[in-house]
A.B. asks: 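Quick one: structure below, then a few questions.
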Amino acid sequence: MPSPMSYAGPQTVNDEFTVSLLAIDDDPGSLDFIRDALTQEGVEILTASDPQRGLDLIARLHPQIVLLDLRMPQMNGMELLERIMEADPGTDVILMTAHQSIESAVEAIQKGAFDYLTKPLSLERLRGLVGKLVADARERHRALQLDRQLLDAYQFEGMVGRSPLMLEVFARIRRVAPHFRTALITGTTGTGKELVARALHRRSPVASGPFAVCNCSAVVETLFESELFGYVKGAFTGAAQDKIGLFEYAQGGTLFLDEIGEMPLAMQAKLLRVLESREIQRVGSPATRKVDVRIVAATNRNLGVMVAEKQFREDLYYRLSMVEISLPPLLDRKEDLPLLERYFVERFAAQYDKPIRGLTRRAQALLARYSWPGNVRELENVLGNACMMLQGNMIDVHDMPERLRNSLPKETAAATGEPLLSLEELNRRHAVQVLEKTEGNKARAAEILGISRATLYRLLEEK
Ligand SMILES: Nc1ncnc2c1ncn2[C@@H]1O[C@H](COP(=O)(O)OP(=O)(O)OP(=O)(O)O)[C@@H](O)[C@H]1O
Ligand SMILES: [Mg+2]
């Protein structure tokens, strides 16, 4: 129940957040026009009449929106655009050009500009475009705040998740942890099985006891028994003294048998006997010892199939799977992506001590479209690498590994900043769009595009 004090009413987040806009133009008249046109509550307008000052302001104040003149004596606007995109790819840049050339506009958009305006500026179009971006910046700010709150709310024992599937996993861990003797965790690689195993332990009545880990895929077949049960001096050559095994080590706690699908069949039989009798024998000793240990097993293999193929003992499988927690692949819980992104970016920003603010929308879209065969581990690696290499403060598409960028379907490539189309082709498509808007009126289309009718015909014929 929120206290009445903390209830600040609707829209406050919206109202308090100031969007800042920077206009860079060497023409003071143009800057005045922009200031007059756009002055409104909640928008801070900054101006710079030379490009270098503009860059300084961007580096210092990170305006959300930049209006940029394409032709200035000191520096070409296109070059400035590139620098802005490098320094702060999250910025929405609108190019202003007096020279109606779609070539440069198209080039600018490929370089990451949001849109362009032609000079002399139309008050209506300027306000329309900026209004849309201001609303958008507020929306993103709200989403970011919400993500932060959600991140606090949706963490469970070191795991982040808000998708119905993950909330179900968390609920199951809570239900099972107080009571289980054995549990099986399944799921493909990188879905978080080890985290679940630790959560089960931490939420169990033996949380203060030991948590021992045996990675079954890393144990040599002949050493399995002594690894789990220990041995006595003289049990075999090299056994110079008694040694306890993991079962005894985990006494009064939890033993995590990771990659249980890799356990040899003979060892599976011995494990089952221990689970039933709750006693072990050290290798080389006839004495039995009582063990009180909870078992959590995990696998990324399909044990049911392995049972059918006689690679895994059916009786052990039934014993283990009485309590099963299965982790969904990341692809089935994409709702978790924004939270996981924020979680990892904050973690790596702190680790590398960098002021990283987050991902650009394009980068987020790229992550959302990827299939994540390596699941959360792969996401963690991708963001870890990006943060390590990052020079600016926003992670962008080009900070992602090639396999992600290449996994894009072709038609969405342009939207994420991947210039797969030739300029000619882009020009042609733009011309077709304009022609559709003018309902096929070629004279009008040519006028809007700022080209001759002959050029328009040529554009449309090219294929
Ligand atoms: N929900 C989550 N929230 C935060 N981090 C997670 C989450 N799930 C997994 N991770 C992180 O992803 C990485 C992989 O997780 P984990 O080692 O538990 O996967 P696994 O299922 O055991 O994979 P494998 O089958 O390959 O052993 C770890 O660094 C873990 O911390
Ligand atoms: Mg694992």
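Each ligand, and each atom within it, is numbered from 1 in the order the structure gives. Note that the structure is a prediction, hence the values are computed from the model and not measured.
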A.B. asks: Give the atom numbers and elements of ligand 1 that come within less than 4.0 Å of a heavy atom of Tyr343.
C.D. replies: 4 (C)
A.B. asks: Nearest protein heavy atom to atom 17 (O) of ligand 1, by residue and atom, and its distance?
C.D. replies: Arg377 NH2, 3.2 Å
A.B. asks: Of the protein's non-hydrogen atoms, which lies at the shortest distance from atom 1 (N) of ligand 1, and what is that distance?
C.D. replies: Val160 O, 3.0 Å
A.B. asks: Between Glu378 and Arg403, does any side-chain N to carboxylate O distance fall below 4.0 Å?
C.D. replies: yes
A.B. asks: Which one holds for Asn300 and ligand 1: side chain close, backbone close, both close, or neither close, with close meaning a heavy atom under 4.0 Å?
C.D. replies: side chain
A.B. asks: Considering only heavy atoms of Glu380, which atoms of ligand 1 have at least one such atom less than 4.0 Å away?
C.D. replies: 11 (C), 12 (O), 13 (C), 28 (C), 29 (O), 30 (C)
A.B. asks: Under 3.5 Å, is there a donor-acceptor pair linking the side chains of Asn375 and Thr188?
C.D. replies: yes
A.B. asks: Taking distance alone, with N or O pairs closer than 3.5 Å, would you say Gly192 contacts ligand 1?
C.D. replies: yes
A.B. asks: What's the spacing between Leu228 CG and Ile244 CD1 if we round to 0.5 Å?
C.D. replies: 12.0 Å
A.B. asks: If the threshold is 4.0 Å, N to carboxylate O, is there a salt bridge linking Glu279 and Arg289?
C.D. replies: no
A.B. asks: Just by distance, with hydrogens left out, do Asp396 and Thr360 show a side-chain donor and acceptor under 3.5 Å apart?
C.D. replies: yes
A.B. asks: Test your reading of the model: is there a side-chain donor-acceptor pair from Gln251 to the backbone of Asp292, 3.5 Å cut-off?
C.D. replies: yes
A.B. asks: For Gly190, state whether at least one heavy atom is located under 4.0 Å from any atom of ligand 1.
C.D. replies: yes
A.B. asks: Do any nitrogen or oxygen atoms of Leu340 come within less than 3.5 Å of a nitrogen or oxygen of ligand 1?
C.D. replies: no
A.B. asks: Do you see a donor-acceptor pair shorter than 3.5 Å between the side chains of Thr91 and Gln64?
C.D. replies: no
A.B. asks: Taking the minimum heavy-atom distance to atom 21 (O) of ligand 1, which of Glu259, Lys193, Met166 ranks first?
C.D. replies: Lys193
A.B. asks: Between Glu157, Met159, Glu194, flag the one that comes closest to atom 18 (O) of ligand 1 by a heavy atom.
C.D. replies: Glu194
A.B. asks: Find all atoms of ligand 1 within a distance of less than 4.0 Å from any non-hydrogen atom belonging to Phe344, and give their numbers and elements.
C.D. replies: 5 (N)
A.B. asks: Is any NZ, NE, NH1 or NH2 atom of the basic residue among Asp92 and Arg361 found under 4.0 Å from an Asp or Glu carboxylate oxygen of the other?
C.D. replies: yes
A.B. asks: Examine the side chains of Arg294 and Ser204 and answer whether a donor and an acceptor come within less than 3.5 Å of each other.
C.D. replies: no
A.B. asks: Among Leu195, Asn215, Leu330, whose heavy atom sits nearest atom 6 (C) of ligand 1?
C.D. replies: Leu195
A.B. asks: Using a plain distance cutoff, I'd like to know if Thr189 has any nitrogen or oxygen under 3.5 Å from a nitrogen or oxygen of ligand 1.
C.D. replies: yes
